[in-house]
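I have placed the structure first, in the form of structure tokens, so that the comments after it can refer back to it.
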Amino acid sequence: MSGLDGTVLVTWSGFDPADDATAGVLRAAGLDVRFAPRLQERSEEELVGLAHDAVAVIADADPFTADVIRQLPRLRVIARVGVGLDSVDLVAARAAGIDVTTTPGHMEGTVADHTLALMLAVVRRIVVFDRIVRGGEWIRVERAGDDLHGRTVGVVGLGAIGRVVCRRLSGFDVHLLGHDPVAGDLPHVERVTFEELIDRSEIIVLNVPLTPATRGLISRDVIARMRPGAVLVNAARGHVVDEAALIAGLRSGHLGGAGLDVFAEEPAESSPLWTMDNVVLSPHIGGVSRRSIRDMTERAVQCTIASLHGEPTGVVNP
Ligand SMILES: NC(=O)C1=CN([C@@H]2O[C@H](COP(=O)(O)OP(=O)(O)OC[C@H]3O[C@@H](n4cnc5c(N)ncnc54)[C@H](OP(=O)(O)O)[C@@H]3O)[C@@H](O)[C@H]2O)C=CC1
Ligand SMILES: O=C(O)C(=O)CO
């Protein structure tokens, strides 16, 4: 379908400017494509400067606040690559007539794989042993880790990603607890209250969106309530956890470890977490694989064109 005009700004760094095939789909529809400089983070001011004349943005987690949206009068669609929506003011976007779309179905398995990778790396001390071997040493039993099998694992949030995490974990001979206010029954998962999950789990996995209700969900009190030696795995959003309390819990030895893909500040520059052997870190890469980059980018392009044609698909602020 051609017949469109205007500029599509691409801030999503997974969309390769050299990928003529994918950009060609937008161009064939009549659109100009402009790639923003690859940045780890963008201020509201920079975003407005880049998107001032755009009809669409194929977006990373850029700050589409009400104030930013007000300054982008030509914008018709924010095609968010990914599923998290905490960076976009959905109500302000709807009020301005802007469709917000996401790319569900293309990255849940990737986040679930990554969650399991972090969990196993912490529990089996993979990174510690990797360093030991590279350092020319052969230390074994003195630094032995734990088992995953036989443990009680609690999954907070049983939506698209949480369900796949449970499916993966069901093959690891763990006892699975799950908490979600709404989601239906899941095989192999004992549904419990949040408090019971915290009290009983040896490993706690977070798969909730960041909302006003989940901000700080894993508070100082909740951390104090966790079992001694508990491990926290967070590939959801940094602000779901009180990071200072997490650091304190790890420092005191109350917590056994953490696997973290997300942080209160991103990019995360330095933190006491960096020095802790029982913590495994990754740079908010949980949903990103070579396959998911391609699939999500293609889907965001489809959503952009569909919205600009007035036949929206994948809209999350109808
Ligand atoms: N690290 C990474 O690269 C990635 C991180 N993410 C993060 O993961 C989050 C989850 O994604 P996804 O599974 O697709 O989202 P979904 O909306 O499919 O699932 C989230 C689930 O959490 C539930 N929930 C909300 N509040 C609570 C709570 N207080 N306690 C327990 N459950 C709760 C929701 O219930 P209800 O629907 O009733 O609100 C929903 O069932 C995203 O919002 C994003 O922040 C996503 C992709 C990649
Ligand atoms: O989709 C999301 O929410 C992500 O965090 C991926 O970047």
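Position 1 is the first residue of the sequence, and the numbers go up from there. Keep in mind that the numbers below use all heavy atoms, side chains included, and drop hydrogens, waters and symmetry copies. Because the structure is a prediction, the values reported are computed rather than measured. One-based numbering, in listed order, for ligands and for the atoms of each.
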Legend entry - Interfacing atoms of ligand 2 (cut-off 4.0 Å, heavy-atom, G82): 1 (O)
Inset, instruction - Under 4.0 Å, heavy atoms only, figure out whether ligand 1 is touched by the backbone of H114, its side chain, both or neither. - result: neither
Inset, instruction - Return a yes/no value for D60: is any of its N or O atoms, backbone included, closer than 3.5 angstrom to an N or O of ligand 2? - result: no
Inset, instruction - If you have a sec, work out which protein heavy atom is nearest atom 16 (P) of ligand 1 and how many Å separate them, to one decimal? - result: A160 N, 3.9 Å
Inset, instruction - Would you check the N or O atoms of A235, main chain and side chain alike, for any that come under 3.5 Å of an N or O of ligand 1? - result: yes
Inset, instruction - Output, in order, the C-alpha distance, side-chain angles, deciding distance and verdict of side-chain hydrogen bond (donor to acceptor under 3.5 Å, both in side chains) for T22 and D19. - result: CA-CA 6 Å; T22 311; D19 178 359; 2.5 Å; yes
Inset, instruction - Measure from atom 32 (N) of ligand 1 to the protein's non-hydrogen atoms and state whether any distance is below 4.0 Å. - result: yes
Legend entry - Minimum-distance protein heavy atom relative to atom 48 (C) of ligand 1: V111 CG2, 3.5 Å
Inset, instruction - Enumerate the atoms of ligand 2 whose separation from the nearest heavy atom of V83 is less than 4.0 angstrom. - result: 1 (O), 2 (C), 3 (O)
Inset, instruction - Salt-bridge test for D199 and R227: reply yes if a basic N is under 4.0 Å from a carboxylate O, no otherwise. - result: no
Inset, instruction - Evaluate the 4.0 Å heavy atom contact test for atom 43 (O) of ligand 1: does a protein atom fall under the cut-off? - result: yes
Legend entry - Taking atom 7 (C) of ligand 1 as the reference point, the nearest protein heavy atom with its distance: A236 O, 3.6 Å
Legend entry - Heavy atom of protein closer than 4.0 angstrom to atom 22 (O) of ligand 1: yes
Legend entry - 4.0 Å heavy-atom contact, G84 with ligand 2: yes
Legend entry - Within reach of ligand 2, part of E266 (heavy-atom separation under 4.0 Å): neither
Inset, instruction - Starting from atom 29 (N) of ligand 1, locate the nearest protein heavy atom and write down its residue, its atom name and how far away it is, to 0.1 Å. - result: T214 CG2, 3.8 Å
Inset, instruction - Could you tell me the separation between the CG atom of L31 and the OG1 atom of T7, rounded to the nearest 0.5 Å? - result: 8.5 Å
Inset, instruction - Examine the proximity of ligand 1 to I161 and report which part, side chain or backbone, both or neither, has a heavy atom under 4.0 Å away. - result: both
Inset, instruction - Please say whether D261 places an N or O atom under 3.5 Å from an N or O atom belonging to ligand 1. - result: yes
Inset, instruction - Say whether E108, considering both its backbone and side-chain N or O atoms, lies within less than 3.5 Å of an N or O atom on ligand 1. - result: no
Inset, instruction - For atom 27 (C) of ligand 1, grab the closest protein heavy atom and report residue, atom and distance to one decimal in Å. - result: V208 CG1, 3.6 Å
Inset, instruction - Evaluate the 4.0 Å heavy atom contact test for atom 1 (N) of ligand 1: does a protein atom fall under the cut-off? - result: yes
Inset, instruction - Could you tell me the residue and atom name of the protein heavy atom closest to atom 17 (O) of ligand 1, and the distance to it rounded to 0.1 Å? - result: P209 CG, 4.9 Å
Inset, instruction - Examine the proximity of ligand 1 to D180 and report which part, side chain or backbone, both or neither, has a heavy atom under 4.0 Å away. - result: both
Legend entry - A213 near ligand 1 by a heavy-atom separation under 4.0 Å: no
Inset, instruction - Could you tell me whether N207 approaches ligand 1 through its side chain, its backbone, both or neither, with non-hydrogen atoms closer than 4.0 Å? - result: backbone
